[in-house]
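Keep in mind that the numbers below use all heavy atoms, side chains included, and drop hydrogens, waters and symmetry copies. Each chain gets a letter, A, B and so on, in the order the sequences are listed, and its residues count up from 1.
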There are 2 protein chains.
Amino acid sequence: MKKKAVVLANGAFPTHHIPLAELENADLIVCCDGAVNKLDAAGFMADIIVGDLDSVQGHLKEKYTGKMFHSSDQETNDLTKAVNWCINHEIAEVVILGATGLRDDHMIGNVFLLPTYVGHIAVSMLTDHGVFTPIVASEQFNSYVGQQVSLFSSHPDVIITTENLKYPVKNQKFSMLWQGTLNESTSNCFTLNIEGGCLIVFQKY
Amino acid sequence: MKKKAVVLANGAFPTHHIPLAELENADLIVCCDGAVNKLDAAGFMADIIVGDLDSVQGHLKEKYTGKMFHSSDQETNDLTKAVNWCINHEIAEVVILGATGLRDDHMIGNVFLLPTYVGHIAVSMLTDHGVFTPIVASEQFNSYVGQQVSLFSSHPDVIITTENLKYPVKNQKFSMLWQGTLNESTSNCFTLNIEGGCLIVFQKY
């Protein structure tokens, strides 16, 4: 089994060249149920379709015979079903695309599901504007001077210290989610030290 | 001074007829700095432009002479500057448009700023997909059978009880933000009882 997969969720289909390049170069495309119609229309082939399969168009059900994994668990959304499929098939890394851009509540839900995947699989989420990466330990990020960076705690008790960000943070908690937004890299890398939970890092392209 | 205002933020300009109708019927349009170029191009007139005014195009600076409020506070974003202008001018209610649809981190930041406005002014945020409303006490919402509803706590300690939602919640806390998503109204109204903080309610149109 291949070790890196692209997971396509059922938000807006990517238009930016960075997420599109991930699709074009993917070893394995794991497609959420409702997204396969868009994926196929864009000229890509899914390797596996995951979900309750209700919304797959008739001619695609035929085309993808043998490549559909039925999961009707009411407790998880389609994105989590697709990520779980990857975890259960020994994929080491997933890049999530199409998780934003349509319903605002789905977008927020999808971003804040990232902390639940950490520790099970390496994960990032690419949108048309930037990349979300969840971390649970200290980490250094490649960057560039002036890159826009926002930090979202999974829980108000997460303690954060930054290096090479324009508005430095030292052993600080964000009691509200907007408090970590609108920061900026001052170098070709920045470092985040965190304790007590998960931090979701957004880097604008 | 008029008592209800539309605040236009600098995300994607609305395309859905519901937010557009708010613009068309607005008594007062308060426009964030960077959004005035889009607003003007769409054929609307701002009553006041709020921000550091750096990004207002030259010919618009002339057109809006006397209608610009300069605020360069580094601690608040443009949306909060515009809402604060409304609070300081005895506006009773604001409807926020254009706060989503471009940078994902701005969108999350803007949605989770709503709890900071509650108590100062009545506020809702209309996107191309639905409406966000922050509440700090029990409230009944007009709805319809099957309306998609998501609930986001401003803090994990908010205690929530629901009536007339498909997946009922009783004296429950959401320790993670995705846990209140993907609910559904079962009636022409639903009720939310909350304690201990602010709940942001999303209703799909």
Side-chain angles (χ1 to χ4, degrees), chain A residues 11-12 16 74-80 99-117 125-132 148-158 166-167 173-184 197-198 200-205, chain B residues 11-12 16 74-80 99-117 125-132 148-158 166-167 173-184 197-198 200-205:
Chain A
H16 190 282
Q74 292 285 316
E75 297 300 307
T76 56
N77 76 353
D78 282 351
L79 176 59
T80 297
T100 61
L102 292 180
R103 271 178 57 177
D104 314 278
D105 57 338
H106 286 187
M107 180 276 200
I108 297 171
N110 287 340
V111 169
F112 286 91
L113 274 166
L114 291 175
T116 68
Y117 307 147
M125 179 183 282
L126 272 59
T127 79
D128 281 342
H129 306 278
V131 53
F132 289 99
Q148 300 293 297
V149 174
S150 289
L151 309 176
F152 301 101
S153 301
S154 70
H155 190 282
D157 287 339
V158 179
K166 185 174 177 184
Y167 306 104
K173 298 177 185 181
F174 296 137
S175 61
M176 288 176 283
L177 273 179
W178 57 268
Q179 291 176 319
T181 60
L182 309 185
N183 219 323
E184 190 177 307
C198 183
I200 302 167
V201 183
F202 178 82
Q203 296 169 272
K204 189 173 178 295
Y205 294 137
Chain B
H16 190 281
Q74 292 285 316
E75 296 300 307
T76 57
N77 76 352
D78 282 350
L79 175 60
T80 297
T100 61
L102 291 180
R103 271 177 58 177
D104 313 278
D105 57 337
H106 285 187
M107 180 275 200
I108 297 171
N110 287 339
V111 169
F112 286 91
L113 274 165
L114 291 174
T116 68
Y117 306 147
M125 179 183 282
L126 272 59
T127 79
D128 281 342
H129 306 279
V131 52
F132 288 99
Q148 300 294 295
V149 174
S150 288
L151 310 176
F152 301 101
S153 301
S154 70
H155 190 282
D157 287 339
V158 179
K166 185 174 177 183
Y167 306 103
K173 297 177 185 180
F174 296 137
S175 61
M176 288 177 284
L177 273 178
W178 56 268
Q179 290 176 318
T181 62
L182 309 184
N183 218 323
E184 190 177 307
C198 182
I200 302 166
V201 183
F202 179 83
Q203 295 170 272
K204 189 173 178 294
Y205 294 136

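The shortest heavy-atom contact between B:Gly101 and A:His129 is O-NE2, 4.1 Å. Scanning all heavy atoms of the two residues, the minimum distance from B:Phe112 to A:Trp178 falls at O-CD1, 3.1 Å. Between B:His155 and A:Ser175, the shortest heavy-atom distance links the atoms CD2-O, 4.5 Å.
Of the listed residues (B:Thr100, B:Asp128, B:Thr181, B:Leu177), the greatest number of heavy-atom pairs within a distance under 4.5 Å of chain A belongs to B:Leu177. Among the candidates B:Leu113, B:Asn77, B:Val111, B:Leu182, the residue making the largest number of heavy-atom pairs closer than 4.5 Å to chain A is B:Leu113. Most heavy-atom pairs under 4.5 Å with chain B, from the set A:His106, A:Gln148, A:Met176, A:Gln179: that is A:Gln148. In terms of heavy-atom pairs under 4.5 Å with chain A, the best-connected choice from B:Tyr167, B:Phe132, B:Phe152 is B:Phe152.
A search for side-chain hydrogen bond (donor to acceptor under 3.5 Å, both in side chains) contacts involving A:Ser150 returns B:Asp105, not counting sequence neighbours. Annotation: side-chain hydrogen bond (donor to acceptor under 3.5 Å, both in side chains) contacts of B:Thr116 (sequence neighbours excluded): none.
Heavy atoms closer than 4.5 Å to chain A are found nowhere in B:Ile200, neither backbone nor side chain.
With a 4.5 Å cut-off on side-chain heavy atoms, A:Asp104 and B:Lys204 do not count as touching.
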